[in-house]
Amino acid sequence: MGGTMMTIIPLILLIVIMYFLMIRPQKKREKETTAMRNSVQVGDEIVTIGGICGKIVKTKDESIIIQVGADKVKFEMMRWSISKVVKEGAGHNKATTEDYEEIGEAEKKEVRKARPRRMKKAVPAVEEEPVEEKAEEE
């Protein structure tokens with residue numbers, strides 16, 4: 001009986017150590033990530049798990065609508081795709097979705113398209129014709 005206990009104790013100790021070193025911290029990280037994803041608000045700047053950076057313009061139960069790029073393209077994504085919040089909105093917990101929709105309407109009226117810069121005309125290089133040497137025929 002004593003010999004079997006001596007072989008089981010190291011196995012139990014190994015399982016307990018693995019729990020405290022691996023499983024418990026993983027569960028803690030999952031809780032923090034879930035809390036972060038549930039607490040995002042309109043105006044927060046986020047990075048998705050795919051690497052897309054954008055600003056939240058509307059939130060729903062399981063999804064969010066983000067605004068991306070200079071053209072302010074909007075598309076819907078699932079909340080679980082949020083990797084991290086880069087910057088919280090200026091009026092965090094104060095701004096509502098309606099506030100940002102009004103701002104979006106005002107921006108639509110003032111749409112300016114980016115134009116490429118004009119390049120200076122390049123002066124064409126003057127090609128000199130090679131001077132042919134005259135062979136004397138004598």
Side-chain angles (χ1 to χ4, degrees):
M1 194 74 166
T4 58
M5 278 303 259
M6 293 303 279
T7 58
I8 294 176
I9 290 176
L11 184 61
I12 293 173
L13 279 174
L14 184 64
I15 292 172
V16 170
I17 290 171
M18 284 182 59
Y19 175 77
F20 281 106
L21 291 178
M22 296 175 69
I23 298 169
R24 194 167 176 227
Q26 178 66 26
K27 285 184 179 180
K28 186 177 178 183
R29 269 186 256 125
E30 285 178 11
K31 282 183 182 180
E32 290 173 357
T33 304
T34 304
M36 179 266 305
R37 288 177 178 157
N38 290 332
S39 69
V40 292
Q41 303 245 332
V42 174
D44 291 351
E45 292 183 18
I46 62 167
V47 177
T48 66
I49 56 175
I52 299 172
C53 301
K55 186 181 224 180
I56 297 176
V57 292
K58 190 173 184 180
T59 59
K60 296 181 181 178
D61 290 338
E62 290 296 317
S63 64
I64 57 172
I65 297 176
I66 65 172
Q67 181 176 337
V68 180
D71 294 337
K72 299 187 189 301
V73 176
K74 296 177 185 172
F75 57 93
E76 187 172 358
M77 302 184 78
M78 300 305 293
R79 278 188 187 264
W80 58 260
S81 66
I82 299 172
S83 174
K84 64 180 177 178
V85 176
V86 176
K87 182 176 157 186
E88 293 182 347
H92 202 261
N93 295 329
K94 295 179 183 177
T96 62
T97 304
E98 290 80 24
D99 295 336
Y100 283 94
E101 286 176 356
E102 290 175 13
I103 292 170
E105 293 298 323
E107 288 176 351
K108 286 180 185 176
K109 293 177 184 176
E110 298 181 16
V111 174
R112 296 181 189 167
K113 294 201 175 191
R115 294 184 182 171
R117 291 185 178 178
R118 292 188 181 187
M119 295 178 62
K120 295 181 180 178
K121 289 185 179 179
V123 179
V126 178
E127 293 183 23
E128 295 181 15
E129 294 181 18
V131 179
E132 294 179 20
E133 294 182 20
K134 295 182 181 178
E136 294 181 24
E137 297 179 13
E138 290 186 31

Within the supplied structure, the quantity of interest is the number of heavy atoms (other residues, nucleotides, ligands) at a distance under 6.0 Å from D71 CG; does it exceed 12?
no
Can you tell me how far CD1 of I66 sits from NZ of K58, rounded to the nearest 0.5 angstrom?
15.0 Å
How long is the straight-line distance from CG of N38 back to CD of E62, given to the nearest 0.5 Å?
8.0 Å
Could you measure the distance from the CD atom of E88 to the OG atom of S39? Nearest 0.5 Å is fine.
7.5 Å
Residues pairing under side-chain hydrogen bond (donor to acceptor under 3.5 Å, both in side chains) where one sits in residues 10-26, two or more places apart or in two chains, turn out to be Q26-R29, Q26-E30
Group every Ile, Leu, Val, Met, Phe, Trp and Tyr by side-chain heavy-atom contacts under 4.5 Å, then state whether I23 and V16 land in the same group.
yes
Not counting sequence neighbours, which residues clear side chain to side chain contact (heavy atoms under 4.5 Å, CB included) with I17? List them please.
L21
Quickly, which of I46, T48, V42, V57 forms a side-chain contact (heavy atoms from CB on, under 4.5 Å) with I64? Name it, please.
I46
Do I52 and M36 belong together in a cluster built from hydrophobic side chains that touch within less than 4.5 Å?
yes
Taking every non-hydrogen atom, the tightest pair across G43 and K55
O-CE, 3.7 Å
CD1 of I8 to OG1 of T4: how many Å apart, nearest 0.5 Å?
5.0 Å
Find out if a path of hydrophobic residues (ILVMFWY) with successive side-chain heavy-atom gaps under 4.5 Å connects M77 to V68.
yes
Could you tabulate the donor-acceptor pairs under 3.5 Å formed by side-chain atoms of residues 79-86, not counting sequence neighbours?
unit_1	atom_1	unit_2	atom_2	d
R79	NE	K60	O	3.4
R79	NE	D61	O	3.2
R79	NH1	R37	O	2.9
R79	NH2	K60	O	3.1
S81	OG	M78	O	2.6

